[in-house]
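Here the structure comes first, spelled out in structure tokens, and everything after it is commentary.
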Amino acid sequence: MSERTEIPLFPLSSVLVPYGRMALQIFEQRYLDLVRSCMREGTGFGVVWLRAGREVAGGAAELGAYGTYARIVDWDQLPNGLLGLTIEGGERFDLHRHWRLANELNMGEVTLGPPPQPVPMSGRWEGLARLLAGLEAHPHVQRLALPVDPGNAAQVAGTLLQLLPVEEREKYRLLGLASAEDLLAELDRLLNEISGED
């Protein structure tokens, strides 16, 4: 059984998934301190979905029961003066409880799952791999510098889920699925619904 551990949390109204990449703008001091600490120590933080409420000092927030451990893969000073980060999703975790430190940084007691492992891509999902290859040509996606291996079903599934315009509530549900195969099947179903196919 995995041990519980304490990690800093970054509640977001967006869901981060394993293998997914996301751009963030950092301006609050508590998160600037967190980023500095992560970069110095080579650690990450937990991204957890903000289900309800607002994540502000003194605000009441309802967080998801699970999230994704994020690592910083790139950073830059933005033209607006804010710190820009690109983060990548790693291990999924279960959140048991959370609290705030004196500096308003959120902390959580979590059980980290195993690191994402490559899963061989089945020919059944070739269309999803082609869709992802097409999305990679988009300038916004190119800025994320996604390292996608089309032969890794888990990476194709996670990257697609992060990029597709799926409601965050649905993304959160899909983050809870047990396997890459289940996720690819759900993505295939969702895309068929969007395109109006049976």
Side-chain angles (χ1 to χ4, degrees), residues 1-75 82-119 144 154-155 157-159 161-162 166-183 186:
M1 192 171 101
S2 300
E3 288 186 18
R4 293 189 180 196
T5 187
E6 293 180 6
I7 61 170
L9 297 179
F10 199 126
L12 285 174
S13 56
S14 301
V15 175
L16 178 70
V17 301
Y19 290 111
R21 285 197 174 186
M22 182 186 288
L24 298 177
Q25 293 188 29
I26 308 294
F27 56 91
E28 289 187 61
Q29 191 59 49
R30 57 182 166 160
Y31 293 129
L32 290 168
D33 292 343
L34 170 62
V35 168
R36 194 175 299 115
S37 170
C38 288
M39 293 176 80
R40 185 175 60 242
E41 298 169 20
T43 56
F45 52 88
V47 172
V48 63
W49 183 45
L50 186 60
R51 296 167 66 123
R54 293 181 59 215
E55 204 299 292
V56 292
E62 182 188 333
L63 304 182
Y66 48 86
T68 303
Y69 192 71
R71 290 174 179 81
I72 299 166
V73 294
D74 196 13
W75 64 276
L82 302 181
L83 175 63
L85 296 182
T86 302
I87 58 173
E88 182 172 292
E91 301 91 327
R92 210 198 78 136
F93 62 80
D94 291 318
L95 178 62
H96 305 294
R97 64 185 186 94
H98 60 93
W99 64 95
R100 282 189 176 172
L101 300 178
N103 68 352
E104 294 292 332
L105 182 68
N106 293 277
M107 294 292 294
E109 182 184 40
V110 306
T111 302
L112 283 168
Q117 297 297 317
V119 176
L144 293 172
Q155 191 171 35
T159 306
L161 177 57
Q162 196 70 63
V166 177
E167 285 186 12
E168 298 305 323
R169 184 170 300 282
E170 184 69 355
K171 259 183 201 175
Y172 175 73
R173 182 184 74 81
L174 296 177
L175 173 60
L177 295 178
S179 71
E181 192 75 12
D182 290 345
L183 179 51
E186 281 291 288

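It should be emphasised that the depicted structure is a prediction, and the values quoted were computed from it without experimental measurement.
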State, with a plain yes or no, whether a side-chain heavy atom of Ile72 is found less than 4.5 Å away from one of Phe45. yes

Nearest-0.5 Å distance, CE of residue Met22 to CD1 of residue Ile87: 5.5 Å

Could you check Thr68 against Tyr19 for side chain to side chain contact (heavy atoms under 4.5 Å, CB included), going step by step and ending with a plain yes or no? CA-CA 10 Å; Thr68 303; Tyr19 290 111; over 6 Å; no

Got a second to check how far Leu112's CG is from Asp94's CG, nearest 0.5 Å? 9.5 Å

Would you compute the distance between atom CG of Leu83 and atom CG of Leu32 and round it to the nearest 0.5 angstrom? 6.0 Å

Any salt bridge linking Glu88 with Arg21? Criterion: basic side-chain nitrogen under 4.0 Å from a carboxylate oxygen. yes

Is it the case that the side chain of Gln162 and the backbone of Val17 share a donor-acceptor pair, with hydrogens and angles ignored and the cut-off at 3.5 Å? yes

Around atom CZ of Arg169, are there more than 12 heavy atoms from other residues, nucleotides or ligands closer than 6.0 Å? no

Does any N or O in the side chain of Glu168 come within less than 3.5 Å of the main-chain N or O of Val15, such that one atom is a donor and the other an acceptor? yes

Run the salt-bridge test on Asp33 and Arg36 with the 4.0 Å N-O cut-off and return the result as yes or no. yes

Considering only heavy atoms from C-beta outward, does the side chain of Leu101 approach that of Met107 to under 4.5 Å? yes

Smallest separation among heavy atoms of Ala180 and Ala154, with atom names: CB-CA, 3.7 Å

Does Trp49 use its side chain to pair, donor to acceptor, with the backbone of Ser13 at less than 3.5 Å? yes

Which heavy atom in Thr111 sits nearest to a heavy atom in His96, and how many Å separate them? OG1-NE2, 2.5 Å

Enter the distance from Glu109:CD to Arg97:CZ here, rounded to the nearest 0.5 Å. 4.5 Å

Please confirm whether the backbone N or O of Pro115 pairs with a side-chain atom of Gln117, one donor and one acceptor, at under 3.5 Å? yes

Distance col, row Thr43:OG1 vs Leu34:CG, nearest 0.5 angstrom, shows 7.5 Å

Could you check if a side-chain atom of Glu28 sits within less than 4.5 angstrom of a side-chain atom of Glu104, using non-hydrogen atoms only? no

Just so I know, are the side chains of Lys171 and Leu175 near enough to count as touching, which here means a heavy-atom distance under 4.5 Å? no

Output the distance between atom OH (Tyr172) and atom CG (Leu16), rounded to the nearest 0.5 Å. 14.0 Å

Nearest heavy-atom pair of Asn103 and Leu105: which atoms, and what distance? OD1-N, 3.0 Å

So, do Asn106 and Tyr31 sit near enough that their side-chain heavy atoms are less than 4.5 Å apart? yes

Taking everything shown except Glu167 itself, do over 12 heavy atoms lie less than 6.0 Å from its CD? no

Take Trp75 and Val35 through the side chain to side chain contact (heavy atoms under 4.5 Å, CB included) test and state the conclusion after the steps. CA-CA 10 Å; Trp75 64 276; Val35 168; over 6 Å; no

Derivation of the side chain to side chain contact (heavy atoms under 4.5 Å, CB included) call for Leu12 and Leu50: CA-CA 5 Å; Leu12 285 174; Leu50 186 60; 5.9 Å; no

Any side-chain heavy-atom pair from Ile7 and Phe93 closer than 4.5 angstrom? yes

Taking all atoms of both residues into account, what is the closest heavy-atom pair of Pro8 and Gly44, and its distance? CG-O, 4.1 Å

How far apart are the closest heavy atoms of Leu183 and Ala157, and which atoms are they? CD2-CB, 3.6 Å

